[in-house]
Amino acid sequence: MTASADFRTREAAVLDVGSNSVRLVVYGLQGRAIWTGYNEKVLAGLGREVAATGKLSGEGVAEAVDTIRRFAVLMETLPLAERHIVATAAVREAIDGPGFCDRVVAETGLKIRVLSGEEEARYAALGVIAGNPAAEGVVADLGGSSLELVPVTGGEAGQGVTLPLGPFAMEADDDDPIAEIDTRLRPAKGFEAKTLHAVGGAWRSLALLHMRQERHALEIVHQYEMSAAQVDEMAALLGRLSRPTLEKLARTNRARALTLPHAARVLSRLCRKLGVRTVSFSAYGLREGLLLEAMTPAVRARDPLLEGCRALGDRESLEHGLDRVIVAWLKPVLSPLKPQFSAERDAVMLSAGAALADVGSRLHPDHRADVAFEQVLRAPVAGLVHAERAFLASAIHARYGGQGAPEAQLVARLLGTGGLERARLHGLALRLASDLSARSAELLSTTRLVVDGPDLVLRVGRAHADLLRGDKVRKRLGTLAQALDLSARLEVETT
C-alpha cells in the first residue's frame with residue numbers, strides 16, 4: 001500500500017448514549033491516527049432518576065430521543081465507512097431501558113447496542129490504549145451512573161469491574177459521602193497500580209481546572225498528570241466551594257460543574273484505595289476504544305504518534321516517505337548524543353520531527369515558524385506528554401529559522417534550558433536536510449552527514465557536487481555544526 005493510500009481519510013461515527021450525555025462524534029481515520037472532525041453533545045440526564053426510581057428520566061428520554069433523531073439525519077447524510085451506536089450504564093440498568101431502545105428504533109431506525117459493564121470497561125481501556133499505547137496501570141472511567149475499572153499492560157486490557165459510583169448513582173442527601181464511596185470501592189481490591197488513567201468528562205474538567213490553578217498554559221488534557229497529593233488538594237478545595245463559586249471557577253456548563261466535587265472525591269478515594277501515585281488524564285475513552293477494536297491487527301499495532309505526525313506532514317509534503325530518509329540521514333549525527341528523554345524515546349522524537357518537517361511549508365514565510373509552532377504544540381496527536389509536545393514544536397520552529405521560542409515561559413517550564421537547546425538542534429538538523437535536498441528523498445539519499453573528529457562533514461558524490469554550490473547549504477551546515485560545538489566541512493567523494 002502506498003503512503004498516500006495508507007493515509008486516505010475514512011470517516012467513522014460513534015453515537016454514545018450515556019447516563020448524562022448523548023453525544024455524536026464523527027472521526028477521520030488515517031491509518032492508526034484518529035482525528036475528531038465533528039463533536040456534538042446534549043446533557044439529557046437519562047440516568048438522573050435510575051438510582052431512585054429504577055427508571056430513566058422522563059424529561060431525559062424525551063430530550064435524548066429528540067437529539068438522536070437529529071443525529072440520525074446527520075449520520076444518514078455523511079459518507080461514513082463505519083458507525084457505532086451504543087448505550088451504557090443508565091440504559092443497561094433501567095427497567096425501561098429496552099423500551100427506550102425500541103422507541104429509538106421506531107422513530108429513527110437506529111438500533112442501539114447496550115453495552116454490558118464488562119464491555120464498557122473494556123472499551124474505555126482500549127480507548128486509553130488508542131491514545132497512549134505505552135499506558136500501564138489501571139484505567140478508571142467515571143460516567144454519570146458508573147465507574148469502570150480495568151487493568152492495562154503491554155497494550156492489552158485485562159478483566160474489568162463496574163461500580164455504582166457515578167453522581168446519578170449516589171444519594172444526594174448522603175450524610176457521609178466519603179464513607180459511602182469507600183464502601184462502594186470495596187470490589188476494587190486487586191486493582192492496585194502506581195498509575196491511574198482517568199477517563200470521563202468530569203475528570204477532564206477537573207484536570208482543566210487544575211491546569212488553571214497551576215497556571216499551566218498548555219491546556220491540553222491528554223496525558224496531563226497530577227500526583228495523588230494534588231488530587232487530594234483539589235478534592236478538599238472543591239468540597240468547600242459554594243455552588244455559584246464552583247460554577248464560576250470551573251468555567252464549564254452548570255450540570256458538569258456541579259458534579260466536580262463528587263468526581264474529585266471519587267478520584268481521591270480511588271487513589272488511596274489502589275495506592276496510586278500519579279493520575280494521567282486521557283482524552284480518549286470508550287468511543288475511541290470502539291474504533292480501535294474495529295481496526296485490523298496490522299493497523300492497531302502501529303504507533304499512533306508517528307501515524308498522526310505522518311498524516312499531518314503528508315498534507316503539505318512534496319514527497320511521501322521523505323521522513324524515513326531524513327531519519328536515516330540524521331541518525332549518525334543525532335543518535336550518539338546524550339539522551340534528552342531516553343535513547344528509545346529520542347529515536348521516536350527524531351522520527352516524529354522528520355514526519356512533521358513539512359508542516360507549515362505552504363504558509364507565508366513571515367509567519368511560518370510561529371504558526372507551525374502552534375500547530376505542532378496543540379496538534380490532536382496521540383501518544384505525547386506535554387514536554388514532548390513542547391520539544392517537537394520548538395524543533396519545527398527552529399526548522400523554519402525561528403529565533404526565540406514562542407511561549408518561551410511555557411516551553412522553558414516544560415523542557416528546561418537544556419531541552420530547549422536540544423530541540424533547536426533537532427530543528428536545525430531538519431532544516432539542513434530539507435534545504436539541501438529541496439525536500440527530495442532521492443537527492444538527500446545521494447549525500448551523507450557524519451561526525452569526523454572535531455568536524456561535522458557533509459559528503460556528496462561527484463555526480464551531485466553542484467548541490468554544494470551557493471551560500472545556503474554552507475550556512476545551514478555551519479549553524480548546525482556550531483550548535484554541536486563542531487566545525488563544518490564539505491567534501492566531494494571521489495568514488
Side-chain angles (χ1 to χ4, degrees), residues 9-30 33-48 56-57 59-92 94 97 100-115 119-120 123-124 126-128 130-131 141-146 148 166 168 199-205 221-222 252-253 255-256 259 282-295 380 382:
T9 303
R10 300 168 58 252
E11 290 191 347
V14 180
L15 199 171
D16 178 7
V17 183
S19 301
N20 192 27
S21 65
V22 178
R23 184 189 298 263
L24 173 68
V25 185
V26 180
Y27 296 92
L29 306 179
Q30 292 178 276
I34 300 174
W35 310 103
T36 299
Y38 182 75
N39 189 332
E40 180 178 344
K41 72 173 180 180
V42 171
L43 295 176
L46 269 177
R48 71 169 69 100
L56 299 172
S57 161
E59 292 181 0
V61 167
E63 188 160 15
V65 171
D66 196 49
T67 299
I68 294 171
R69 288 173 67 104
R70 166 176 161 75
F71 290 167
V73 174
L74 295 178
M75 288 194 294
E76 182 66 28
T77 305
L78 295 169
L80 300 175
E82 60 185 78
R83 65 181 190 176
H84 306 269
I85 304 165
V86 298
T88 53
V91 177
R92 177 174 69 241
F100 169 78
C101 293
D102 290 342
R103 179 177 172 183
V104 170
V105 170
E107 296 193 26
T108 68
L110 299 180
K111 185 176 181 179
I112 297 176
R113 175 187 172 192
V114 181
L115 301 178
E119 288 175 321
E120 188 175 351
Y123 284 124
L126 287 178
V128 168
D141 183 3
L142 182 67
S145 294
S146 63
E148 278 70 45
F168 293 155
V199 178
W203 281 345
R204 286 193 289 269
S205 294
V221 168
H222 191 59
T252 185
N253 60 72
R256 177 72 76 201
T259 67
S282 177
Y284 290 58
L286 180 146
R287 291 180 292 273
E288 291 76 17
L290 289 163
L291 298 177
L292 183 68
E293 183 186 61
M295 295 177 184

Shortest non-hydrogen contact from Cys101 toward Ile112: SG-CB, 4.2 Å

Any non-hydrogen side-chain atom of Val65 less than 4.5 Å from a side-chain atom of Phe100? yes

Using the side chain to side chain contact (heavy atoms under 4.5 Å, CB included) rule, take Val26 and Leu74 through it: C-alpha gap first, then chi angles, then the decisive distance, then the call. CA-CA 10 Å; Val26 180; Leu74 295 178; over 6 Å; no

May I ask you to decide if Ala90's main-chain N or O and Ser19's side chain share a donor-acceptor pair within less than 3.5 Å? yes

Under the criterion side chain to side chain contact (heavy atoms under 4.5 Å, CB included), I'd like the reasoning laid out for Ser146 against Thr88: C-alpha separation, chi angles, the key distance, then a yes or no. CA-CA 9 Å; Ser146 63; Thr88 53; over 6 Å; no

When rounded to the nearest 0.5 Å, the distance separating CD of Glu59 from CG of Leu46 is 11.5 Å

Which pair of heavy atoms, one from Val199 and one from Gly285, lies closest together, and at what distance? CG1-CA, 3.8 Å

Straight-line distance of Leu110 CG to Phe71 CZ, nearest 0.5 Å: 11.0 Å

Would you say CZ of Arg69 has more than 12 non-hydrogen atoms from neighbouring residues, nucleotides or ligands within 6.0 angstrom? no

So how far is it from Leu292 CG to Leu29 CG, rounded to the nearest 0.5 Å? 10.5 Å

Regarding Tyr123 and Glu148, do their side chains bring together a donor and an acceptor under 3.5 Å, going by distance alone? no

Applying side chain to side chain contact (heavy atoms under 4.5 Å, CB included), run through Ile85 and Lys111 and close with a yes or a no. CA-CA 7 Å; Ile85 304 165; Lys111 185 176 181 179; over 6 Å; no

Separation of Thr259 OG1 from Leu43 CG (nearest 0.5 Å): 9.5 Å

Please determine whether side chain to side chain contact (heavy atoms under 4.5 Å, CB included) holds for the pair Val17 and Val91, giving the CA-CA distance in whole Å, both sets of side-chain angles, and the decisive distance to 0.1 Å. CA-CA 8 Å; Val17 183; Val91 177; 4.3 Å; yes

Which distance, rounded to the nearest 0.5 Å, do you find between the CZ of Arg113 and the NE2 of His84? 9.0 Å

For Val22 and Ala44, the nearest pair of non-hydrogen atoms, with its separation, is CG2-CB, 4.2 Å

Are more than 12 heavy atoms, taken from residues, nucleotides or ligands other than Arg103, located less than 6.0 Å from that residue's CZ atom? yes

Drop me the distance from Thr108's OG1 to Leu15's CG, to the nearest 0.5 angstrom. 8.5 Å

pair Asp66-Val42: side-chain heavy atoms closer than 4.5 Å: no

Count the heavy atoms belonging to other residues, nucleotides or ligands that lie under 6.0 Å from CD of Glu40, then report whether that count exceeds 12. yes

Side-chain heavy-atom pair Val25, Thr36 within 4.5 angstrom cut-off: yes

Closest approach of Met75 to Ala13 (non-hydrogen atoms, all atoms of both residues): SD-CB, 4.1 Å

When you look at CD of Glu76, are more than 12 heavy atoms from neighbouring residues, nucleotides or ligands closer to it than 6.0 Å? no

Can a donor-acceptor pair be found, under 3.5 Å and without considering hydrogens, that links the side chain of Arg92 to the backbone of Leu115? yes

Provide the closest heavy-atom pair for Arg48 versus Ser57 in the form atom of the first, atom of the second, distance. NH1-OG, 3.1 Å

Nearest non-hydrogen partners of Tyr284 and Ala382, listed with the distance: OH-CB, 3.4 Å

Going by the side chain to side chain donor-acceptor pair (under 3.5 Å) test, name the single residue among Glu82, Glu288, Arg10 that passes it with Tyr27. Glu288

